[in-house]
Undergrad: 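Dropping the structure in here first, questions after.
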Amino acid sequence: MNYLKKNIFKCVLTTILIFNVSLVSTANTNQKEEPAKFKPGEFIMHHIYDAHEWHICTIGETHVCIPLLIIVHSETKGWQVFCSTKFQHGEKSYKGFKLGKKGKYAGKIVEVLDDGVTINEKASLPLDFSITKDVVGVFFSLILMLWIFLSVAKGYVKNKGKSPKGIQSFAEPIILFVRDDIAKSSIGEKQYERFTPFLLTIFFFILINNLSGLIPIFPFGANITGNITITMCLALFTFVVTTINGNKHYWQDVFNSPIIPWWLKFPIPLVPVVEILGMITKPLILMIRLFANMTSGHIIALGFFSLIFVFGEMSAGIGYGVSPLAVAFSIFMTMLDLLISFIQAYVFTLLSAIYFGMATEEH
Amino acid sequence: MELVTPGLGLFFWMVVSFSIVLFLLGKFAWKPILNALKERENSIDEALQSAEKAREEMSHLKADNEQIIKEAKQQREKLIREAKEIKANIIEEATVQADKEAKKLIEKAKTTIQNEKEAAINGIKDQISIISVDIAEKIIKQELLKNKKQEELINGLLEEIKIN
């Protein structure tokens, strides 16, 4: 009876809050035969982490998931490609692989011994090239970008010399903003045109993924810009572009700056070391800032939702009582995240542009 | 720890797919978009400049027009003034001429009259002298016979007539 009541309560919440439908249903997964305790930490992390299947909701005992492709390479078994449904949501092993559940193996694909249960501790972790939830999210957002901006480009060819129409007029102010207020002002009139395409791409990639992270309905909702791999990748691109485009002056400043006294460069190359550290720190900061901002936003918004269930477990009444407050806070957080989405996309692009400006500065 | 450990697979797919999209967007989206934006900005700039130029030309034209109108007005006034002057001159000249002519005519008339008068007087004188001669003849015819006194008288009379 209590279980039913809780379910009804959650159903009501679901209908009220269409956005976060997946949160509510995941909470259900924790309830099996015994009323398992709701663990906010696990619940939140489940949404932050990458996964080998795209969990949409759970109805009763059935998990509704989008199956994804598993691609692994192990020393003993070579390349293996199969569908994630073979794991039965981590319950079963397949072809000697299994989804790790606990400890250091949590969420990772591990090799198992012949019994199909015990983890092969001796074998190194297989190389996991699976199309995970975040990979799908990345693909989806990139395809979305291609679709949007190719049609925008088509609009420019069609309405040549005329005022923008449709999606064009939506994209144009942002493109102009990136070009004029980020690229031109940070890099300078002479050089900015070379970097504008890259800056536009990272800006829109970050923006689209930040925003899609706020929409919890498939195919959105993957925590992409809150994933350190993605932000590392983006920062790496910025780093590579900066390094490739560094001019003579830039490298001279790194290795042999004329304004630094010689004894700081020889025999111990103190300043060059610091400069090289600085070169690495810049993209590192880009990576951490975006990751931390997006992840923390998600964690806080989800934390407010967890409050409902934490109190709901004490008593349904308190749960009901807390829910409006939690919803209000979540909405507030989502609004804040919306703002942060734009700000972080702007900051990442602006700092990249500033680094490019530093690398190409003429004296 | 998992939160901050980059995943190899995701990294691989991200680098590959992002590079491809970066290339595709750069070639097929950003290039035409940025070119079109630049072109449009240039054409707007040009249009604004030409509008400015046209406006300047317009104001020039207007000034020119005003100048022309002003000059035309001046010309007209000048013409009218000149015409008036000419008219006055003509009238004056005509008056002077007419005066002169009239004077001349009068003069002529006077001289003619004088001449006529003289001629008439002369004629009359001749006539008178003829008549006088006749008279005198007659008188003389009669008187000469009578006395010398009468002859003297006649001569005296004739003398008087001549003076007149």
Side-chain angles (χ1 to χ4, degrees), chain A residues 45 48-50 71-72 104 106-108 127-132 134-135 138-139 142-143 145-146 148-157 159-164 168 171-172 175-176 179 193 196-198 200-202 204-205 224 226-234 236-237 288 291 295, chain B residues 1-70:
Chain A
M45 281 321 184
I48 301 287
Y49 285 155
D50 199 0
I71 305 167
V72 281
K104 62 174 179 175
K108 291 199 174 84
L127 298 176
D128 186 359
F129 285 96
S130 302
I131 306 295
T132 58
D134 284 357
V135 175
V138 168
F139 286 172
L142 288 175
I143 288 166
M145 275 174 76
L146 275 177
I148 292 174
F149 294 108
L150 288 180
S151 52
V152 168
K154 213 159 63 185
Y156 276 102
V157 175
N159 299 334
K160 205 175 177 193
K162 288 186 198 150
S163 58
Q168 226 186 321
E172 190 177 305
I175 293 172
L176 285 177
R179 192 195 65 179
E193 276 173 338
T196 319
F198 175 74
L200 281 165
T201 313
I202 55 168
F204 281 107
F205 180 77
I224 291 167
N227 186 313
I228 196 126
T229 316
I230 303 291
T231 60
M232 185 180 85
C233 230
L234 291 170
L236 201 71
F237 271 98
I288 291 168
F291 157 74
T295 304
Chain B
M1 255 328 264
E2 199 201 324
L3 193 61
V4 288
T5 317
L8 175 71
L10 182 55
F11 182 80
F12 168 77
W13 290 116
M14 171 70 187
V15 170
V16 170
S17 56
F18 192 78
S19 307
I20 292 169
V21 171
L22 190 64
F23 171 75
L24 287 179
L25 281 180
K27 198 163 163 107
F28 300 111
W30 304 132
K31 208 171 151 193
I33 290 173
L34 292 170
N35 283 345
L37 282 174
K38 207 171 179 186
E39 235 168 66
R40 201 172 64 199
E41 272 160 19
N42 286 346
S43 74
I44 288 172
D45 270 358
E46 269 168 29
L48 283 176
Q49 268 170 8
S50 63
E52 184 66 28
K53 222 171 159 186
R55 211 163 54 204
E56 240 168 60
E57 266 171 23
M58 269 298 280
S59 67
H60 272 305
L61 270 179
K62 220 172 153 189
D64 280 357
N65 275 349
E66 270 169 16
Q67 188 67 27
I68 287 168
I69 288 169
K70 212 171 142 191

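In what follows, chains are A, B, ... by sequence order, proteins preceding strands, each numbered from 1. Just so it is clear, the structure is predicted and the values come from calculations on it, not from any experiment.
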Undergrad: State, to 0.1 Å, how close B:I33 and A:A153 come at their nearest heavy-atom pair, and which atoms those are.
TA: CG1-CA, 3.7 Å
Undergrad: Looking at A:M45, A:E193, A:K108, A:Q168, which makes the most heavy-atom pairs under 4.5 Å with chain B?
TA: A:E193
Undergrad: Which pair of heavy atoms, one from B:P6 and one from A:I228, lies closest together, and at what distance?
TA: N-CG2, 3.9 Å
Undergrad: Identify which part of A:F204 has an atom lying under 4.5 Å from any heavy atom of chain B, answering side chain, backbone, both or neither.
TA: side chain
Undergrad: For the interface with chain B, which of A:L150, A:V138, A:T132 has the highest count of heavy-atom pairs at distances below 4.5 Å?
TA: A:L150
Undergrad: Provide the closest heavy-atom pair for B:F18 versus A:L142 in the form atom of the first, atom of the second, distance.
TA: N-CD1, 3.8 Å
Undergrad: Taking the side chain as every heavy atom from C-beta outward, state whether B:V21 and A:L146 have any atom pair closer than 4.5 Å.
TA: yes
Undergrad: NZ of A:K154: more than 12 outside heavy atoms within 6.0 angstrom?
TA: no
Undergrad: For A:T295, which atoms come within 4.5 Å of any heavy atom of chain B: side chain, backbone, both, or neither?
TA: side chain
Undergrad: Examine whether an atom of A:F149 lies under 4.5 Å from a heavy atom of chain B, and if so say whether it belongs to the side chain, the backbone or both; otherwise answer neither.
TA: both
Undergrad: For chain A, which of B:N35, B:L25, B:I44, B:I20 has the most heavy-atom pairs under 4.5 Å?
TA: B:L25
Undergrad: Between B:M14 and A:D134, is any pair of side-chain heavy atoms under 4.5 Å apart?
TA: no
Undergrad: Tell me, side chain or backbone of A:I143 under 4.5 Å from chain B's heavy atoms, or both, or neither?
TA: neither
Undergrad: Please classify the contact between A:I175 and chain B as side chain, backbone, both or neither, with a heavy-atom cut-off of under 4.5 Å.
TA: side chain
Undergrad: If you count heavy-atom pairs under 4.5 Å between each of A:I71, A:V72, A:I131 and chain B, which one has the most?
TA: A:I131
Undergrad: Using heavy-atom distances under 4.5 Å, tell me whether A:L236 contacts chain B through its side chain, its backbone, both, or neither.
TA: side chain
Undergrad: Roughly how far, to the nearest 0.5 Å, is the CE atom of A:M145 from the CG atom of B:L24?
TA: 11.0 Å
Undergrad: Restricting to non-hydrogen atoms, name the atom on A:R179 and the atom on B:K38 that form the minimum distance, rounded to 0.1 Å.
TA: NH1-N, 4.4 Å
Undergrad: Mind checking the CG-CD1 spacing from B:L10 to A:I230? Nearest 0.5 Å is all I need.
TA: 4.0 Å
Undergrad: Using heavy-atom distances under 4.5 Å, tell me whether A:I224 contacts chain B through its side chain, its backbone, both, or neither.
TA: neither
Undergrad: Enter the distance from A:I202:CD1 to B:L22:CG here, rounded to the nearest 0.5 Å.
TA: 9.0 Å
Undergrad: Check each atom of B:S43 against the heavy atoms of chain A and say whether the ones under 4.5 Å are side chain, backbone, both or neither.
TA: neither
Undergrad: Less than 6.0 angstrom separating the ring centers of A:F129 and B:W13, yes or no?
TA: no
Undergrad: Contact part of A:V135 toward chain B, heavy-atom cut-off under 4.5 Å: side chain, backbone, both or neither?
TA: both
Undergrad: Can you say whether A:N159 sits under 4.5 Å from chain B via the side chain, the backbone, both, or neither, judging by heavy atoms?
TA: neither
Undergrad: Apply side chain to side chain donor-acceptor pair (under 3.5 Å) to B:W30 and A:T201, showing your working.
TA: CA-CA 9 Å; B:W30 304 132; A:T201 313; 2.9 Å; yes
Undergrad: Looking at A:C233 and B:V15, what are the two nearest heavy atoms and their distance?
TA: SG-CG2, 3.1 Å
